[in-house]
Amino acid sequence: MIAAIEKLNPEQRKAVEATEGPVLILAGAGSGKTRVLTVKIAYMIQERRIPPGEILAMTFTKKAAEEMRSRIRKLVGSENGLWIGTFHSVFAKILRREAPHFGYSTDFVIYDKEDQERLVKQVLEGLGHSPKQHPPRMIAALISRSKNSLITPQEVLSHPQTPVEKVVGEAYAAYQDALRSNQAFDFDDLINVPVEIFRAHPSVLQKYQSRFRYLLVDEYQDTNRAQYLLLAALAKAHRNLCVVGDDDQSIYGWRGADLRNILEFEKDFPETAVFRLEQNYRSTKNILKAASSLVDKNVHRKKKTLWSDRESGEPLEMLEVEDELEEAHRVVEKIRDEVFRKKRNFNHFAVLYRTNAQSRAIEDGLRKSGISYVIVGGVRFYERKEIKDVLAYLKVVANPRDTLSLKRIINFPVRGIGDTSMQKIETWAARSGLDLFNTLERIDEVPDIPARVAKSARGFHDLIRKYMTLKDAISPGELVHALVDEIGLIRLYKDDTSIEGQGKLENVRELLSAVHEYTKQSEDPSLSGFLEEIALLTDIDNYHPKSAAVTLMTVHCAKGLEFPVVFVVGLEEGLFPLSRTLENLNELEEERRLFYVALTRAKEKVVLLWARTRNTYNSDGYRMSSRFLDEIDRSVMQFNRDEPRRSARKAVFSREDDSFDREFDAPVERRASFRKSNTFRSGMVRGQRVEHETFGWGQVEEIEGSGPRQTCTVRFDDGIEKKFLVRFARLKTME
DNA sequence: CGGATTTAACTTTTT
DNA sequence: GTTAAATCCG
């Protein structure tokens with residue numbers, strides 16, 4: 001323990017030893033922030049003799065929390081009673097305990113974003129708004145934004161600025177009512193409801209103030225207004241609040257993170273001791289210089305100067321390529337080269353991108369060359385439809401008042417209870433003031449329900465009832481197993497011989513083993529506990545670096561990680577920075593910080609790529625390189641232009657490029673549908689002989705326009721004349 | 001009512 | 001190119 005402190009630099013050490021009063025640690029990228037935090041907690045326990053039970057440490061991902069816990073355990077031997085967790089899981093736990101005193105159920109369920117949107121949709125329909133005019137997604141996002149800032153429905157409604165705001169206010173109010181009657185909380189509620197409880201009941205606040213006499217917060221720049229108020233309330237009495245953050249790494253503004261929390265911390269806590277960790281231990285001087293020169297362009301930031309005593313290292317490489325295929329190809333090429341020349345392992349590499357959609361091209365490239373990869377993020381396991389179906393059953397068993405989940409499963413697998421019957425049941429339920437689940441028991445009283453439907457509904461009711469009784473008698477693992485068995489899911493998917501069906505089967509099996517795993521691991525396994533745990537999982541939580549695989553993920557996902565070699569792809573204006581951020585300075589600065597985060601993930605080497613053309617579903621054509629590339633100090637950059645690899649083989653206009661396969665003919669399992677690329681290449685002339693996949697050979701009669709919209713008219717040898725968009729036609733020429 | 005087929009919408013990042 | 005929602009038909 002003492003040794004751990006002595007390894008710290010002077011500033012880090014001071015930050016560790018300042019255990020009393022408010023502390024703000026401004027920790028630059030790679031400055032050993034996690035180390036300071038863990039050594040600090042260990043120091044508090046061992047040197048200052050603070051009981052671990054009085055310390056509460058909060059992070060944003062479960063992974064960060066677990067890492068911190070295990071490091072502390074190594075330092076002090078035990079961390080019994082120490083509270084470390086994500087904001088959401090800590091307060092979910094507190095809510096489970098406190099909710100019954102305030103008119104909520106202990107068995108509340110947690111709604112994720114999809115549930116939230118579904119409920120908003122229902123609410124909007126109830127208010128008579130068409131989903132066309134008011135997309136539930138958008139309204140849900142606006143509601144969430146209000147909630148992040150602790151604005152009530154009444155406040156939204158009191159002076160609506162726009163017609164939309166009026167709808168939002170109404171929907172917000174109805175949405176909160178619906179949540180309450182479903183006994184559900186959304187993510188925002190897990191923070192907001194505790195704030196409300198603490199506000200309204202000082203004695204409860206006091207209880208937690210004295211329970212948690214020391215608060216520590218990681219990634220403080222990502223906190224939103226509500227989270228800040230929660231911290232401020234808890235810290236009000238003892239003022240032992242230590243926050244660690246870096247305003248340059250604030251990349252969650254769109255989710256309500258409020259930079260004022262960090263920029264104005266000293267205003268709210270005037271006696272704050274501030275420590276700046278500016279020595280970077282991660283990256284080479286060149287990488288650091290590049291990153292600093294970039295982020296220096298931001299106006300809204302606390303000035304700081306990161307420095308490093310590491311070697312200069314290689315310059316950052318910039319590659320200009322033709323399109324996303326070329327991009328993937330160059331990434332593959334570089335990886336091979338580095339592995340060969342520098343004896344690197346595949347897990348030394350990360351490919352980072354702005355949007356998940358970009359992963360496909362890179363994936364294809366890696367797969368074709370036989371390099372294995374792990375992809376983090378994208379569609380998460382617990383958000384897959386088949387998984388959410390099973391989870392909906394579990395939610396209803398845990399809390400039958402969750403009508404959203406109930407409606408999801410009442411006719412899955414098919415029971416013959418269709419929309420028409422549901423309408424009747426719901427109307428009757430609303431009129432008689434019963435909830436849906438109890439209505440099912442009294443289905444005979446509902447008018448106009450066919451006998452077959454009624455029988456089926458009773459069967460469903462009995463099924464849920466049975467598991468409600470079972471849930472306290474058997475383990476969650478056994479329960480889920482029996483339930484999945486009884487509703488015949490495994491059989492259902494087994495009969496489905498399609499690829500998707502097999503995938504679903506796999507996923508359901510994986511869910512079963514996840515529940516068993518949870519049952520084994522948890523001290524006090526319960527159905528609600530399991531549901532809560534998975535509701536609060538994040539992408540990165542499931543990331544286990546494999547030794548022989550390249551990592552692919554979004555830049556957001558990469559925060560907090562590091563790799564020897566980092567590729568950042570898609571550095572084009574409109575993609576990174578994303579086009580919609582261009583008009584708003586704050587958003588543009590956030591994009592710049594995001595790129596800063598990407599650069600500072602690298603320890604030794606950075607390769608930046610941009611493509612002159614890129615196919616996305618709604619736009620293609622020519623692109624400009626990202627402004628961020630121009631903002632990096634040129635002295636640490638090396639520019640490389642891609643040589644179009646065109647051999648004496650067939651010239652390809654709009655290509656279906658097979659050169660890729662041929663050059664790297666690693667064993668390729670071809671996908672069922674061969675993905676075609678439609679990149680335009682100029683060079684077509686009138687009178688030229690061309691070959692079309694289905695029409696055969698012909699002659700170019702006419703060429704109109706240029707660029708991506710260029711068209712050509714071809715008279716085929718059988719006399720038929722066709723007009724094509726050049727970039728879609730995939731025409732080939734003779735040698 | 002259920003299943004199959006067609007259509008539209010979608011892509012920013014996520015606790 | 002993928003997926004959920006809308007539409008059609010038995």
Side-chain angles (χ1 to χ4, degrees), chain A residues 58-65 85-92 110-114 116-118 121 131-132 135-137 141 144 147-148 185-191 219 222-224 226-227 250-257 352-361 364 376-380 382-385 411-423 450 452-453 456 500 532 534-541 553-559 570 574-582 587 590-591 593-595 597-598 615-619 671-678:
Chain A
M58 276 174 290
T59 62
F60 275 87
T61 69
K62 195 176 146 197
K63 185 170 181 258
T86 65
F87 264 93
H88 290 86
S89 72
V90 164
F91 288 100
I110 298 172
Y111 281 178
D112 68 8
K113 205 181 147 208
E114 190 203 318
Q116 189 177 350
E117 280 167 15
R118 277 177 186 235
K121 191 178 172 214
K132 282 260 185 291
R137 227 160 206 270
S144 180
K147 292 177 81 167
N148 284 162
F185 291 132
D186 63 15
F187 287 141
D188 303 321
D189 285 337
L190 296 179
I191 308 298
E219 307 281 16
D222 291 338
T223 51
N224 64 33
Q227 286 162 333
S250 162
I251 55 175
Y252 287 107
W254 51 273
R255 210 175 62 196
L352 308 183
Y353 34 80
R354 177 66 243 263
T355 67
N356 274 310
Q358 288 165 261
S359 72
R360 171 161 284 119
D364 285 352
V376 186
V379 183
R380 283 186 290 288
Y382 290 106
E383 283 173 12
R384 294 190 182 158
K385 192 189 160 298
N411 203 27
F412 174 83
V414 176
R415 289 193 181 82
I417 307 171
D419 289 342
T420 326
S421 300
M422 275 312 283
Q423 281 294 322
R452 225 182 58 228
V453 175
S456 193
E500 302 90 74
E532 181 173 309
I534 59 178
L536 301 176
L537 275 184
T538 62
D539 280 337
I540 202 73
D541 294 332
M553 60 182 139
T554 64
V555 183
H556 279 93
C557 215
K559 194 165 83 159
L575 183 59
F576 200 172
L578 221 72
S579 53
R580 57 183 293 173
T581 65
L582 297 180
E587 286 182 37
E590 182 155 314
E591 293 285 301
R593 290 194 292 269
L594 191 57
F595 187 36
V597 167
N615 280 83
T616 53
Y617 78 102
N618 60 1
S619 77
R671 287 180 138 199
S673 66
F674 178 51
R675 280 173 15 93
K676 286 151 193 147
S677 152
N678 297 317

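Quick note: numbers below take in every heavy atom, side chains included, and nothing from hydrogens, waters or symmetry partners. Proteins come first, then strands; the chains are lettered A, B, ... in the order of their sequence lines, and each starts at number 1.
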- Between C1' of dT12(B) and CD of Gln358(A), the distance in whole Å: 10 Å
- Message: Over all strands shown, is Ser421(A) touching base, sugar-phosphate only, or nothing at heavy-atom distances under 4.0 angstrom?
- Response: sugar-phosphate
- Rounded interatomic separation in angstrom, taking CZ from Arg593(A) and P from dT13(B): 18 Å
- Message: From CZ of Phe87(A) over to C1' of dT15(B), roughly how many Å is that when rounded to an integer?
- Response: 11 Å
- Ion pair present between Glu587(A) and Arg580(A), side-chain N to carboxylate O less than 4.0 angstrom? no
- Item | Salt-bridge present (Glu117(A), Lys113(A); N to O < 4.0 Å) | yes
- Message: How many whole angstroms separate atom CE of Met553(A) from atom P of dT13(B)?
- Response: 15 Å
- Query: Within the modelled atom types, does a donor on one side and an acceptor on the other bring the side chain of Arg354(A) and the base of dT13(B) under 3.5 Å apart?
  - Reply: yes
- Message: I'd like to know if Asp222(A) and Lys559(A) make a salt bridge, using a cut-off of under 4.0 Å between side-chain N and carboxylate O.
- Response: yes
- In whole angstrom, what separates Leu578(A)'s CG from dT11(B)'s C1'? 9 Å
- Task: Could you state the atom-to-atom distance from CZ of Phe91(A) to P of dT15(B) in whole Å?
- Result: 18 Å
- Task: Grab the stems for DNA chain B, please: at least three consecutive Watson-Crick or wobble pairs, both distances below 3.5 Å, written as range with range.
- Result: B:1-10 with C:1-10
- Task: Please find out if less than 6.0 Å separates the ring center of Tyr111(A) from that of Phe185(A).
- Result: no
- Hey, is Trp254(A) stacking on dT13(B)? Ring centres under 5.5 Å, planes under 30°. yes
- Message: Work out how far the P atom of dA4(C) is from that of dT13(B), and round it to whole angstrom.
- Response: 16 Å
- Task: Find the distance Lys62(A):NZ to dT14(B):P and express it as a whole number of Å.
- Result: 18 Å
- Note on the structure: Val414(A) has its side chain closest, among dT14(B), dG3(B), dT12(B), to dG3(B)
- Query: Which residue, Met422(A) or Thr554(A), contacts DNA chain B at a nucleotide closer to its 5' end, judged by nearest heavy atom?
  - Reply: Met422(A)
- Message: On the nucleotide dT12(B), are OP1 or OP2 found under 4.0 Å from the side-chain N or O atoms that Asn356(A) carries?
- Response: no
- Would you indicate what Lys113(A) reaches in the nucleic acid, counting non-hydrogen atoms under 4.0 angstrom: base, sugar-phosphate, or nothing? base
- Nearest-nucleotide 5' precedence on DNA chain B, His556(A) against Asn411(A): Asn411(A)
- Message: As a quick check of understanding, evaluate salt bridge (Lys or Arg N to Asp or Glu O under 4.0 Å) for Lys147(A) and Asp189(A), giving each step before the final call.
- Response: CA-CA 8 Å; Lys147(A) 292 177 81 167; Asp189(A) 285 337; 2.8 Å; yes
- Task: Kindly write out the residues that satisfy salt bridge (charged side-chain N to carboxylate O under 4.0 Å, His left out) with Glu114(A), not counting sequence neighbours, or none if the list is empty.
- Result: Arg118(A), Lys388(A), Arg408(A)
- Message: Taking 4.0 Å as the cut-off, does a side-chain nitrogen or oxygen of Arg137(A) come that near to OP1 or OP2 on dT11(B)?
- Response: yes
- Is any side-chain heavy atom of Phe576(A) less than 4.5 Å from a side-chain heavy atom of Val555(A)? yes
- Query: Base, sugar-phosphate, or nothing: which does Phe60(A) touch, judged by heavy atoms less than 4.0 Å apart?
  - Reply: sugar-phosphate
- Query: Looking across every strand, which nucleic acid part, if any, lies under 4.0 Å from Ile417(A) by heavy atom: base, sugar-phosphate, or nothing?
  - Reply: sugar-phosphate
- Asp186(A) has an atom CG; how far is it from atom C1' of dT14(B), in whole Å? 14 Å
